[in-house]
Visitor: 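Here it is: the structure, laid out below.
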Amino acid sequence: MEWPRTVEDAIALQERLRTQVITISAPDLRVDTVAGLDVGYRSNDTVAGVCVVFDAKSLVILDEVVVEDTTDFPYIAGLFAFREMPVLLRALDQVTVAPDLLVADGQGLAHPRRFGLACHLGVHTGIPSIGVAKNAMGEFDPPGRARGSMSDLVMDGPRGRDVVGRALRTQDGVKPVFVSVGHKIDLDRACAEVLRLAPRYRLPETTRRADTLTKQAVSSG
DNA sequence: GCGACAG
DNA sequence: ATCTTGTCGC
């Protein structure tokens with residue numbers, strides 16, 4: 001597969017790959033290990049990619065990998081994956097514990113063409129994946145105030161208005177996070193996994209740890 | 001032309 | 001994402 005260098009090619013690739021996404025969980029899907037992926041920027045084109053693998057039940061860290069790289073693709077909302085995918089895949093390659101689920105820092109199906117970073121990572125690796133974003137790409141009614149409350153995330157697209165994800169309250173009263181399916185998992189299961197990964201803070205431990213390592217990498221040597 | 005716009 | 005101090009609250 002040719003990695004796109006232009007906006008047109010990138011969009012064309014998303015349009016082509018979107019048909020590969022599977023939005024249901026395998027009957028025997030077991031999530032014992034979960035990987036958190038994130039990218040930090042030292043400059044406009046110098047980045048650090050991180051992949052952290054946690055034991056899903058105990059939330060104990062099993063492995064962490066940090067890799068530095070450069071990026072050529074600019075940041076364009078909607079084409080986010082082309083900027084961060086390369087580094088993330090390198091980090092994922094070096095992890096010694098196979099993750100059963102990938103948690104991306106961004107959107108999955110909650111994307112203009114229904115193919116955000118999480119879908120990209122999932123389809124590319126074949127590993128179930130979900131997107132957990134801090135900001136929404138779409139509309140939603142505020143979920144109830146209690147942890148676990150959720151509401152539909154809707155968005156207009158090529159085929160009209162769709163429910164593309166969910167606004168999920170991970171802690172009482174905090175701003176919700178935006179969960180969407182990446183690949184090989186259903187939305188209910190995705191939300192359940194996010195809640196399990198966020199027992200104490202707004203963001204899942206996976207993204208919190210990945211984010212810490214990412215910033216540590218770009219700010220030191 | 002103007003505003004929106006994951007990280 | 002990144003540039004950045006103190007401050008309010010549990």
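Side-chain atoms are counted along with the backbone in the values below, which use heavy atoms only and exclude waters and symmetry mates. Not measured: the values here are computed from a predicted model. The chains referred to below are lettered A, B, ... by the order of the sequence lines, with proteins before strands, and numbering in each begins at 1.
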Visitor: Base contacts versus sugar-phosphate-only contacts with protein, heavy atoms under 4.0 Å: please encode nucleotides 2-7 of chain B as B, S and - from 5' to 3'.
Guide: ---BBB
Visitor: In this structure, how many angstroms lie between the C1' atom of C/dT2 and the CG atom of A/Asp45, rounded?
Guide: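 Rounded to whole Å, this separation is 14 Å.
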Visitor: Applying side-chain contact (heavy atoms from CB on, under 4.5 Å), can you list everything that pairs with A/Asp105, at least two apart in sequence or on another chain?
Guide: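 Counting only residues at least two positions away or on another chain, A/Asp105 forms a side-chain contact (heavy atoms from CB on, under 4.5 Å) with A/Asp38, A/Lys134.
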Visitor: Between A/Leu88 and A/Leu117, is there a side-chain heavy-atom distance shorter than 4.5 Å?
Guide: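 Yes, their side chains come closer than 4.5 Å.
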Visitor: Decide yes or no on side chain to side chain donor-acceptor pair (under 3.5 Å) for A/Glu84 and A/Tyr75, but give the supporting numbers first.
Guide: CA-CA 9 Å; A/Glu84 304 203 335; A/Tyr75 170 71; over 6 Å; no
Visitor: Check whether any side-chain heavy atom of A/Asp93 sits under 4.5 Å from a side-chain heavy atom of A/Arg90, and report yes or no.
Guide: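 Contact flag for A/Asp93/A/Arg90 side chains = no.
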Visitor: Please step through side chain to side chain donor-acceptor pair (under 3.5 Å) for the pair A/Ser151 and A/Asp141, ending with a clear verdict.
Guide: CA-CA 6 Å; A/Ser151 59; A/Asp141 290 319; over 6 Å; no
Visitor: Indicate the ring-plane relationship of A/His120 and A/Phe82, choosing parallel, tilted or perpendicular according to the 30° and 60° boundaries.
Guide: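 Ring orientation, 0 to 90° scale: perpendicular.
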Visitor: Do any N or O atoms from the side chain of A/Thr33 and from the backbone of A/Ala98 form a donor-acceptor pair under 3.5 angstrom?
Guide: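 Yes, because the side chain of A/Thr33 sits within donor-acceptor range (under 3.5 Å) of the backbone of A/Ala98.
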Visitor: Can you list every salt bridge (Lys or Arg N to Asp or Glu O under 4.0 Å) pair that touches residues 114-124 of chain A, not counting sequence neighbours?
Guide: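 Those involving residues 114-124 of chain A are A/Arg114-A/Asp162.
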Visitor: Just do the side chain to side chain donor-acceptor pair (under 3.5 Å) check on A/Asp186 and A/Ser25 with the steps written out, would you?
Guide: CA-CA 5 Å; A/Asp186 61 272; A/Ser25 304; 2.4 Å; yes
Visitor: At under 4.0 Å between heavy atoms, how does the protein contact nucleotides 3-10 of chain C? Give one character per nucleotide, 5' to 3', with B, S or -.
Guide: --------
Visitor: Please answer whether the main-chain N or O of A/Ser43 pairs with a side-chain N or O of A/Thr46 as donor and acceptor at a distance below 3.5 Å.
Guide: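 A pair under 3.5 Å: no.
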Visitor: Can you name the nearest heavy-atom pair linking A/Ala91 to A/Gly49, along with the distance?
Guide: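 Where A/Ala91 meets A/Gly49 most closely, the heavy atoms are CB-O, 4.0 Å.
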Visitor: Do A/Val179 and A/Cys191 make a side-chain contact, defined as non-hydrogen atoms from C-beta onward lying under 4.5 Å apart?
Guide: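 SC-SC contact between A/Val179 and A/Cys191 confirmed.
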Visitor: Can you give me the dot-bracket string for DNA chain C, 5' to 3', counting Watson-Crick and G-U wobble pairs with both distances under 3.5 Å, using [ ] for crossing pairs and | for partners on another strand?
Guide: ..........
Visitor: What stems show up for DNA chain B when you take Watson-Crick pairs (N1-N3 plus N6-O4 or O6-N4) and G-U wobbles (N1-O2, O6-N3), both under 3.5 Å, and require three or more consecutive pairs?
Guide: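 Ordered by first number, the stems with DNA chain B amount to none, as no run of 3 pairs exists.
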